[in-house]
Protein chains: 2
Amino acid sequence: MDTSVRILKRATLAFGEFGYDATSLDDLARALDIRKQSILYHYPSKELLLEACVRQAIADLSVALDEAIRKSSYGWERIESIVKRVFRLANNRPELLGLLREVTRLGPPILTNAVEGMRPLLDGATVWLIEEMENGRVRRSDPELLVLSAYSTIMGAATEVKLFEALGEESTIRHVAMRRKELLRFLKIALIP
Amino acid sequence: MDTSVRILKRATLAFGEFGYDATSLDDLARALDIRKQSILYHYPSKELLLEACVRQAIADLSVALDEAIRKSSYGWERIESIVKRVFRLANNRPELLGLLREVTRLGPPILTNAVEGMRPLLDGATVWLIEEMENGRVRRSDPELLVLSAYSTIMGAATEVKLFEALGEESTIRHVAMRRKELLRFLKIALIP
DNA sequence: ACCATTGCCTACCAAGTGGTAGAAATAGAG
DNA sequence: CTCTATTTCTACCACTTGGTAGGCAATGGT
């Protein structure tokens with residue numbers, strides 16, 4: 001595999017799981033069995049590496065969501081499809097959502113970039129919600145607020161696996177499925193008229 | 001004020017806002033206008049300082065929640081009271097919730113400690129919920145799951161201010177109030193039969 | 001007056017940080 | 001084969017990190 005891609009994947013893993021500050025280029029190089037300077041050849045600085053990771057993560061997320069959107073039609077069906085897709089993503093590639101959370105934690109300037117990258121996604125969701133509300137398929141409320149609430153709710157539900165484990169809740173597939181089901185029930189009651 | 005208390009407060013602020021790794025003892029000492037070794041006199045290591053901060057944060061949180069609980073009675077009234085209290089806390093002392101989120105990010109071993117400290121709180125909430133469900137004041141569902149979902153939802157809504165700011169949403173008091181209202185509406189629909 | 005304890009300090013250190021300079025290897029094109 | 005560009009490497013650096021060793025002043029009990 002291309003070295004720069006290997007670096008990107010590993011960095012996304014590390015940044016998403018342990019955080020940006022806690023991940024040193026030396027660590028990364030060791031894990032990849034290359035020299036640190038090879039990393040700095042492909043990505044001139046640690047911050048630029050992070051940027052690249054975030055860009056890729058958002059791209060991957062967009063692809064996944066587009067898939068979920070195309071596979072479904074309207075109203076509740078589509079919401080359900082999206083939530084399920086996000087949970088699947090959280091299961092298969094937890095580092096992606098972890099990285100996004102990390103970015104909101106780090107704040108500007110990297111967050112500003114990331115937000116620009118996500119805006120089409122969020123705007124699309126907002127526009128769609130407005131339409132659905134007008135057609136009476138979704139309960140009326142402030143659509144932007146709703147998108148952001150949904151974002152942080154799904155994010156929380158999908159990424160706080162560590163917390164569940166620490167609480168002694170086993171985090172088997174079945175448990176994740178239960179939490180997903182519970183969240184869906186919640187969302188359905190709250191969103192659908 | 002007692003030096004050790006000053007250190008604790010400042011460390012909680014810094015850990016909660018910028019994260020554990022991003023906060024150096026030198027930074028802290030500079031901000032407090034004391035020498036780093038004075039910090040290490042009161043708290044023998046950075047990790048023990050973090051532990052102390054977390055302990056105190058949980059204690060403060062417990063006090064705030066107890067207050068909210070005592071002030072309210074049952075059913076929806078109490079849930080509303082708690083949510084409002086948490087939002088007030090997120091407004092007055094955002095570093096508290098920030099620190100707790102940071103702890104879940106850091107994972108074990110510190111998370112294990114923190115979870116032990118929070119267990120009475122969570123268990124209390126679970127027991128109360130079971131009672132409310134049996135009395136028909138709260139919609140039936142898995143109570144433990146519900147507590148954790150509520151935790152991550154409220155946490156997300158209360159702490160993701162940075163994200164909202166980056167999105168260009170002004171984060172005025174009015175906007176926070178709106179988000180609180182929205183969350184309450186959401187919870188009411190989802191929880192109350 | 002004495003001494004032990006407390007609290008804060010100066011001086012220092014080994015390890016690790018992100019990053020620079022530039023050599024050596026590799027590979028494709030003519 | 002040779003030239004050139006790409007890629008990976010060794011060697012190094014200035015700086016920051018958490019933490020140790022030990023001194024020095026204040027305090028208060030005996």
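Below, chain A is the first sequence line, B the second, and so on; all start at residue 1.
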Sequence neighbours excluded - salt bridge (charged side-chain N to carboxylate O under 4.0 Å, His left out) pairs with any residue from residues 113-132 of chain A: A:Glu116-A:Arg119, A:Glu132-A:Arg137

B:Gln56: side chain to side chain donor-acceptor pair (under 3.5 Å) partners, not counting sequence neighbours: B:Asp60

d(CG, B:Asp27; C1', D:dT17) in whole Å: 10 Å

Test salt bridge (Lys or Arg N to Asp or Glu O under 4.0 Å) applied to B:Arg55 - qualifying residues, sequence neighbours left out: none

Integer-rounded Å distance: D:dT17 P and B:Leu49 CG: 15 Å

Partners passing salt bridge (Lys or Arg N to Asp or Glu O under 4.0 Å) against B:Glu95 (at least two apart in sequence or in another chain): B:Arg93

Residue pairs fulfilling salt bridge (charged side-chain N to carboxylate O under 4.0 Å, His left out) with at least one residue in residues 144-154 of chain B, sequence neighbours excluded: none

DNA chain C: 5'-most and 3'-most nucleotides touching chain B, 4.0 angstrom heavy-atom criterion: C:dT6 to C:dA11

Contact list for residues 27-83 of chain A, test ring pair (Phe, Tyr, Trp, His ring centres under 6.0 Å), sequence neighbours left out: none

Check: A:Ser24/A:Asp26 side-chain N/O donor and acceptor closer than 3.5 Å: no

Nucleotide D:dT17, atom P - distance to CD1 of B:Ile39 in whole Å: 12 Å

Sugar-phosphate, base or nothing in reach of A:Leu25, heavy atoms under 4.0 Å: sugar-phosphate

Scan nucleotides 6-10 of chain D against the protein and return all N/O pairs shorter than 3.5 Å with their distances rounded to 0.1 Å.
from  : atom 1 : to      : atom 2 : distance (Å)
D:dT7 : OP2    : A:Tyr41 : OH     : 2.9
D:dT8 : OP1    : A:Thr3  : OG1    : 2.6
D:dT8 : OP2    : A:His42 : NE2    : 2.5
D:dC9 : OP1    : A:Arg35 : NH2    : 3.3
D:dC9 : OP2    : A:Arg35 : N      : 2.9
D:dC9 : OP2    : A:Ser38 : OG     : 2.6

Under the ring-ring contact (aromatic ring centres under 6.0 Å, His included) test, residues paired with A:Phe15 that sit two or more places apart: A:Tyr20

